[in-house]
Amino acid sequence: MDSKVRVRFAPSPTGGLHLGGVRTVLFNYLFAKHHKGDFILRIEDTDQTRFVPGAEQYIQDTLAWCGLVPDESPLHGGPYAPYRQSERKAMYKEYADKLIVQGNAYYAFDTPEDLDTKRKEIPNFQYSRAHRMEMKNSLSLSKEVVDDLLKNNTPHVIRIKVPENEEVSLEDVIRGHVSFDTNMVDDKVLLKADGMPTYHLAVVVDDYLMKITHAFRGEEWLPSAPVHVLLWKYLFGLDQMPAWAHLPLILKPDGNGKLSKRDGERLGFPVFGMDWTDPNTNTTTIGFKERGFLPEAFVNLLAMLGWNDGTDQEIFSLDELIEKFSMDRVHKGGAKFDYEKAKWYNGEWIKKMDNEKLANLVRPYFDAAEIEIHENNYLVKVVGLVKERCQLLPDFITQASFYFQIPKQIDIASIAPKWDEKKRDFFVELAAIYTNAMAPGVVSAPAAELELEFKQLASKHDLKPGELMLPFRIMLVGGKFGPGVFEIVETIQLKDTIARIEHSLQLLS
RNA sequence: GGAGCGUUCGUCUAACGGUUAGGACCUCAGGUUUUCAUCCUGGUAAUACGGGUUCGAUUCCCGUACGCUCUACCA
């Protein structure tokens with residue numbers, strides 16, 4: 001009775017995978033893994049005009065980055081292969097024919113132009129019981145004419161014949177009972193003139209063939225759900241139909257409407273999981289990965305867009321999500337995407353992450369900025385020192401580059417106004433003390449010691465430490481930021497400290 | 001236009017019909033940090049509207065408003 005849970009994500013390979021898509025994957029994945037079931041990736045590439053090379057690979061890469069690896073997919077294979085609908089083309093015809101024989105579908109010979117003019121002619125035109133008899137199809141034409149048309153290979157489609165005066169309904173896991181009046185549903189095309197199925201036929205046939213037990217998808221599919229329910233009823237029986245859940249949409253942060261790639265560009269945040277380069281235009285759209293998000297954070301923040309576990313907890317690992325996820329705690333309403341909160345999640349995950357792991361992730365950013373890292377241990381240490389002030393991975397460049405090189409920019413303007421000979425003397429002597437301190441085997445000193453020494457020297461010069469700290473900080477890091485001054489000295493060591501003091505002294509003269 | 005779905009602080013959200021309507025992000029004010037960030041304390045801020053049902057509605061029902069999605073031989 002209770003067969004193994006099997007869910008699928010079925011994108012069409014037309015471009016980058018956007019936030020909403022990744023979240024749909026995530027909810028599918030969490031549900032499947034929570035129930036110890038299978039997560040299947042199926043590529044819906046039945047529209048040959050929209051096929052984009054590389055998009056399928058991109059989808060797999062994005063899922064891999066997120067850690068949401070399918071159990072079955074075009075890449076991994078599986079017992080229900082092939083997982084690309086274009087490669088399953090022959091299967092769909094059989095079911096379309098079955099519907100024809102049953103009388104639940106019919107041939108339609110209208111050309112796209114016919115339909116166009118009809119739509120212009122009649123306001124609110126629907127290819128349905130209201131107008132189907134005015135069209136060119138096997139319902140309105142005589143059998144002889146139809147046979148003839150078919151024999152001559154006249155281009156045609158197969159449409160579902162939606163019944164009259166019926167109520168079609170489904171129990172949505174998130175929304176409860178949803179029902180439709182069949183008089184308002186139109187006769188959707190099932191099989192296109194090129195022999196490919198449309199989504200409507202393909203989704204039903206494949207979900208059946210692949211033994212899908214739960215079908216989750218975006219809310220935008222709800223209006224076409226009655227067609228799918230009808231198809232299930234005609235082809236396989238309602239008792240075979242998977243449970244449905246229509247996920248709420250992710251909305252743009254400002255105003256209303258579904259979040260789009262354009263919104264990200266307009267507002268300056270990523271929308272795709274990873275960088276996507278459109279092979280036609282050769283333009284790249286930035287992804288969360290490249291913007292410096294951790295996959296853990298990305299998954300976490302996506303999960304919280306429309307779901308919560310009923311407690312105040314907001315930080316969840318993937319394993320925790322798997323353990324706690326349930327589809328009936330998913331919200332009905334759409335969620336506006338908040339980039340500020342997204343960054344907060346990432347900051348939390350950066351703070352949580354092991355320094356060594358973090359260093360490995362940060363390293364490429366330093367390489368790209370051409371900041372040389374001689375020793376990995378040193379990087380690990382520095383990452384631990386500054387990570388609480390970073391929200392995105394590239395923040396480590398601005399927050400930590402001074403640990404590796406003399407700051408390129410030094411905010412002399414913040415020192416100069418209150419600079420005088422007394423202070424100069426102080427720093428000259430400080431540098432001298434550090435120089436003397438250096439000896440074979442002695443390259444640095446503990447922060448506490450350095451601080452004490454600094455304060456003693458200040459009082460000797462009759463200066464308050466307070467008016468010396470900021471100049472010192474700026475000499476070392478270039479600006480008003482960073483960890484404690486003496487911790488920095490301890491880390492970058494005496495030699496570099498001296499060099500930076502002397503460098504700034506020059507700039508100030 | 002039609003159909004379907006939705007509506008709690010600015011945002012994400014909690015509240016098996018009974019809470020001073022809770023938390024988080026943002027923001028503001030303090031404190032810690034002789035910088036910045038972290039961290040801590042506190043503040044501002046919400047049940048779209050109107051009717052019911054009920055001793056009692058954020059919660060259930062109806063209507064209105066508003067919003068969204070769909071309305072392709074796209075998914």
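The sequence lines fix the lettering, A, B, ..., with proteins before strands; numbering per chain opens at 1.
- Taking the charged nitrogens against the carboxylate oxygens, Asp354(A) and Lys357(A) have no contact shorter than 4.0 Å, which rules out a salt bridge.
- Taking the six-membered ring where tryptophan is involved, the planes of Phe472(A) and Phe427(A) are tilted, since the angle between them lies from 30° to 60°.
- Salt bridge Lys455(A)/Glu451(A): present, at least one basic N to carboxylate O contact under 4.0 Å.
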Would you mind building the protein contact string for nucleotides 29-38 of chain B? One character per nucleotide, 5' to 3', B for base within reach (heavy atoms under 4.0 Å), S for sugar-phosphate only, - for untouched.
-> -----BBBBS
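- Rounding to whole angstrom units, NZ of residue Lys258(A) and P of U69(B) are separated by 7 Å.
- For an aromatic pair to be called close, the ring centres must be under 6.0 Å apart, and Tyr365(A) with Phe396(A) fails this.
- Rounding to whole angstrom units, CH2 of residue Trp221(A) and P of G6(B) are separated by 19 Å.
- Checked against salt bridge (charged side-chain N to carboxylate O under 4.0 Å, His left out), Arg266(A) has the following partners two or more places apart in sequence or in another chain: Asp254(A), Asp263(A).
- One can place CD of Gln391(A) at 11 Å from P of C25(B), the figure rounded to the nearest angstrom.
- With sequence neighbours excluded, the residues forming a side chain to side chain donor-acceptor pair (under 3.5 Å) with Asn300(A) are Trp349(A), listed by chain and number.
- The aromatic rings of Phe269(A) and Tyr339(A) lie parallel to each other, their planes meeting at an angle below 30°, with 60° marking the opposite boundary.
- Within the shown strands, C62(B) is the pairing partner of G50(B) under the Watson-Crick or G-U definition, both distances less than 3.5 Å.
- Nucleotide G6(B) holds its C1' atom 7 Å from the CZ atom of Arg175(A), rounded to whole Å.
- In this pair, Phe454(A) and Phe426(A) present their aromatic rings perpendicular. The plane angle is above 60°, beyond the 30 to 60° band.
- Between Asp207(A) and Arg8(A) there is a salt bridge, since at least one side-chain N of the basic residue sits less than 4.0 Å from a carboxylate O of the acidic one.
- Between Glu219(A) atom CD and G67(B) atom P there is a gap of 16 Å when expressed in whole angstrom units.
- Atom CH2 of Trp344(A) and atom C1' of G23(B) are 10 Å apart (whole Å).
- Residue contacts shown for Val178(A) are limited to sugar-phosphate atoms, with no base heavy atom under 4.0 Å away.
- G50(B) and A45(B) are spaced 25 Å apart, taking the C1' atom of each and rounding to whole Å.
- Aromatic ring centroids of Phe288(A) and Phe298(A) lie under 6.0 Å apart.
- The distance between atom CD1 of Ile315(A) and atom C1' of G23(B), rounded to the nearest whole Å, is 13 Å.
- The aromatic rings of His156(A) and Phe109(A) sit tilted relative to each other, their planes meeting at an angle between 30° and 60°.
- A salt bridge is absent between Asp114(A) and Lys136(A): the closest approach of a Lys/Arg side-chain nitrogen to an acidic carboxylate oxygen does not fall below 4.0 angstrom.
- Under the 30°/60° scheme for interplanar angles, the aromatic rings of His131(A) and Phe125(A) are found to be tilted.
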What nitrogen or oxygen pairs link the protein and nucleotides 71-74 of chain B at under 3.5 Å?
from   : atom 1 : to        : atom 2 : distance (Å)
C73(B) : OP2    : Arg159(A) : NH2    : 3.3
C73(B) : O2     : Ala193(A) : N      : 2.8
C73(B) : N4     : Asp110(A) : O      : 2.9
C74(B) : OP2    : Lys192(A) : NZ     : 3.1
C74(B) : O2'    : Asp47(A)  : OD2    : 3.2
C74(B) : O2'    : Arg50(A)  : NE     : 3.2
C74(B) : O2'    : Arg50(A)  : NH2    : 3.1

Tabulate protein N/O versus nucleotide N/O from nucleotides 1-3 of chain B, keeping only pairs under 3.5 Å, one per line.
from  : atom 1 : to        : atom 2 : distance (Å)
G1(B) : N3     : Asn124(A) : OD1    : 3.2

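- Annotation: cation-pi pair Arg159(A)/Tyr127(A) present, NZ/CZ under 6.0 Å from the ring centroid and within 45° of its normal.
- The nucleotide C74(B) finds no pairing partner, because no Watson-Crick or G-U wobble arrangement with both distances shorter than 3.5 Å includes it.
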Tabulate atom names and distances for all N/O pairs under 3.5 angstrom spanning the protein and nucleotides 12-14 of chain B.
from   : atom 1 : to        : atom 2 : distance (Å)
C12(B) : OP1    : Lys336(A) : N      : 2.8
C12(B) : O2'    : Met304(A) : O      : 3.1
U13(B) : OP1    : Gly306(A) : N      : 2.8
U13(B) : O3'    : Asn308(A) : ND2    : 2.9
U13(B) : O3'    : His331(A) : NE2    : 3.1
A14(B) : OP1    : Asn308(A) : ND2    : 2.7
A14(B) : OP1    : His331(A) : NE2    : 3.4
A14(B) : OP2    : His331(A) : NE2    : 2.3

